[in-house]
Chemist: 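This structure is in structure tokens; I'll ask about it shortly.
Residue numbers start from 1 in every chain, and the chains themselves are labelled A, B, ... in the order their sequence lines are given, proteins ahead of strands.
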Protein chains: 2
Amino acid sequence: MATISKETAKRLDPDKLAATALEIADAEGLDAVTIRRLAQLHDVTPMALYRHFSDKNDLLAAIGDRLLADIRLPEPNDDRWDLQLRAVLTAFVDALRPHPKAADLTLYRILVSEAGLAMAERTMELLTSGGFSVDDAAEVGRQSLCSLITLVTTEPGANEDTDPIAREDALRVKRAALAALPPRRYPLISAAADTLICPSSTDRYYSLGMDLVVAGIRGVLTDLQEEKK
Amino acid sequence: MATISKETAKRLDPDKLAATALEIADAEGLDAVTIRRLAQLHDVTPMALYRHFSDKNDLLAAIGDRLLADIRLPEPNDDRWDLQLRAVLTAFVDALRPHPKAADLTLYRILVSEAGLAMAERTMELLTSGGFSVDDAAEVGRQSLCSLITLVTTEPGANEDTDPIAREDALRVKRAALAALPPRRYPLISAAADTLICPSSTDRYYSLGMDLVVAGIRGVLTDLQEEKK
DNA sequence: ACGCTAGGTCTACGTTGTAAACTTGTCAAC
DNA sequence: GTTGACAAGTTTACAACGTAGACCTAGCGT
């Protein structure tokens with residue numbers, strides 16, 4: 001009944017492998033994802049993994065594909081193009097948010113994986129329907145997606161340090177470093193130290209990030225159209 | 001006369017070390033920067049480096065600081081705040097552009113290194129003078145700088161592969177992958193394949209990226225101000 | 001019944017970061 | 001001068017990593 005029965009336990013499943021690799025990455029960061037460790041978690045010899053992944057990059061790519069596969073694209077509707085675009089990009093970010101330490105892996109898989117291609121095509125549809133040329137849509141879409149990935153990977157608090165005591169320590173060190181610099185020379189940074197270290201609310205962080213991207217797209221579009229006239 | 005004379009050759013200079021480490025990174029990527037290799041280039045034992053850097057992260061941080069130190073901030077003037085901001089951000093990008101493979105290292109050094117702090121403070125000055133609250137300026141500035149770093153690190157063509165034959169090969173593979181997907185299902189991606197693989201002009205790539213960021217900032221500002229009313 | 005092969009194992013190699021103990025060149029103080 | 005002491009380079013060693021290559025071996029198609 002289960003994919004792993006008592007005696008057939010030796011049958012490895014690449015999807016399962018990618019799944020537990022992702023768990024490791026979520027918990028301890030990408031560097032902790034190791035062939036040997038992943039093998040051990042599946043009670044198998046390290047070299048066994050190479051029957052399912054050609055090398056470690058291939059494994060990491062599988063993690064990336066997995067993240068992209070979690071995207072739940074909204075159905076097309078009659079909203080204005082930029083609202084729909086925002087919804088698509090939000091779906092992308094929502095898929096990455098649970099895995100800030102692994103989100104980087106999606107970048108080079110967007111134009112390869114099924115789910116990534118679907119999102120990219122939808123993005124370009126909406127951009128061109130808004131008035132971008134195909135080429136401009138490609139470049140604008142590309143950078144927008146990159147920015148959103150970065151938004152997730154640099155989400156404050158997701159950086160590293162699995163256990164809360166080390167994380168708290170790191171936070172304190174950072175706070176102290178900012179508190180130590182001369183407010184005379186860096187008045188604004190000193191004033192914003194708290195926000196710089198840890199933004200008020202994670203939801204606000206993401207909505208502001210999304211606003212920046214979408215507002216940028218709209219602004220560039222009107223610039224391009226005015227310059228054409 | 002020179003910093004390294006015949007017999008005093010044994011005196012290592014941390015700045016020189018970071019400089020050649022950067023050269024390695026530029027030529028072959030960050031993974032090629034290795035304690036042993038860097039030591040060998042300075043005719044020294046690997047462990048010698050640890051007298052000047054507490055560990056490898058410390059070395060990488062020094063590279064990041066070096067990049068930030070190359071920023072040539074423009075003098076304040078009477079231009080509108082957003083124009084001046086664009087100039088500051090352009091100075092940042094200009095400092096990173098020669099080193100796309102190492103630009104990532106600046107992210108965690110901006111709020112630590114002298115040059116990074118100077119730029120961050122200037123950025124926040126201009127954002128607040130434009131009308132952002134201090135906290136909003138912090139979050140907006142943070143993400144803008146992140147996006148610009150990403151703009152540089154993902155600059156097409158700078159990805160990897162030192163020698164031109166391997167790079168050409170990789171390009172061909174990518175091109176083939178995009179050409180192989182069904183244009184029926186992905187019409188826009190297929191149409192934009194060339195642009196997606198390699199944008200028309202590097203300068204246009206950067207100016208469009210900068211436009212996106214600055215337009216985003218302006219757009220978010222007016223959104224925030226309207227919502228306050 | 002027989003071989004083929006998919007999917008494991010075992011062993012081994014080269015590379016990496018770095019801990020610990022050591023040597024040595026230089027300079028300050030007596 | 002002689003003598004510590006300290007900064008800076010050396011030596012040796014280790015554990016962990018990715019992975020090449022040779023080797024089982026269970027189970028399936030013919």
Chemist: Which atom names give the shortest non-hydrogen contact between B:Tyr206 and B:Val152, and what distance separates them?
Modeler: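 Between these two residues, the closest heavy atoms are OH-CA, 3.7 Å.
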Chemist: It should be established whether B:Thr34 places a side-chain nitrogen or oxygen under 4.0 Å from OP1 or OP2 of nucleotide C:dT16.
Modeler: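 The answer is yes; a side-chain N or O of B:Thr34 sits under 4.0 Å from OP1 or OP2.
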Chemist: May I have the distance from A:Leu59 (atom CG) to D:dC17 (atom C1'), rounded to whole angstrom?
Modeler: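 From A:Leu59 CG to D:dC17 C1': 14 Å.
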Chemist: Nearest 0.5 Å, what's the OH-OG1 distance between A:Tyr108 and B:Thr154?
Modeler: 7.0 Å
Chemist: Let me know the distance between CZ of A:Arg36 and P of C:dT9, rounded to the nearest Å.
Modeler: 14 Å
Chemist: So which one's nearest nucleotide on DNA chain D is more toward 5', A:Asp31 or A:Arg51?
Modeler: A:Asp31
Chemist: Over how many whole Å does the gap from B:Leu12 atom CG to C:dG25 atom P extend?
Modeler: 16 Å
Chemist: Is the closest basic N to carboxylate O distance between B:Asp70 and B:Arg97 below 4.0 Å?
Modeler: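 Salt bridge between B:Asp70 and B:Arg97, a charged N being under 4.0 Å from a carboxylate O: no.
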Chemist: Measure from the side-chain heavy atoms of B:Met47 and tell me the nearest of C:dG17, D:dG9, D:dT11.
Modeler: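 The answer is D:dT11.
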Chemist: Could you state the atom-to-atom distance from OH of B:Tyr50 to C1' of C:dT16 in whole Å?
Modeler: 9 Å
Chemist: Between A:Arg37 and A:Ser54, just flag the one whose closest nucleotide in DNA chain D comes earlier from the 5' side.
Modeler: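 Closest to the 5' end, via its nearest nucleotide, is A:Arg37.
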Chemist: Does B:His52 place a side-chain N or O at less than 4.0 Å from the phosphate oxygens OP1/OP2 of D:dG9?
Modeler: yes
Chemist: Answer yes when B:Asp136 and A:Arg204 have at least one side-chain N-carboxylate O distance shorter than 4.0 Å, and no when they do not.
Modeler: yes
Chemist: On the side chain of A:Arg11, is there an atom forming a donor-acceptor pair with the base of C:dG8 - under 3.5 Å, no angle test?
Modeler: no
Chemist: Could you tell me the separation between the CG atom of B:Leu38 and the P atom of C:dT16, rounded to a whole number of Å?
Modeler: 12 Å
Chemist: Nearest-Å distance, NZ (B:Lys56) to P (C:dT18)?
Modeler: 8 Å
Chemist: Tell me the interatomic distance from A:His42, atom NE2, to C:dT9, atom C1', rounded to whole angstroms.
Modeler: 17 Å
Chemist: As a test of reading the structure: which of C:dT9, D:dG9, D:dT19 is closest to the side chain of A:Val44, going by heavy atoms?
Modeler: C:dT9
Chemist: How many angstroms lie between CG in B:Leu126 and CG in A:Leu188, if you round to the nearest 0.5 Å?
Modeler: 10.0 Å
Chemist: From C-beta outward on A:Ile35, which listed nucleotide comes closest to its side chain: D:dT19, C:dT9, C:dT18?
Modeler: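 Between D:dT19, C:dT9, C:dT18, the one nearest the side chain of A:Ile35 would be D:dT19.
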Chemist: Rounded to whole angstrom units, what separation is found between the CZ atom of A:Phe53 and the C1' atom of D:dA20?
Modeler: 19 Å
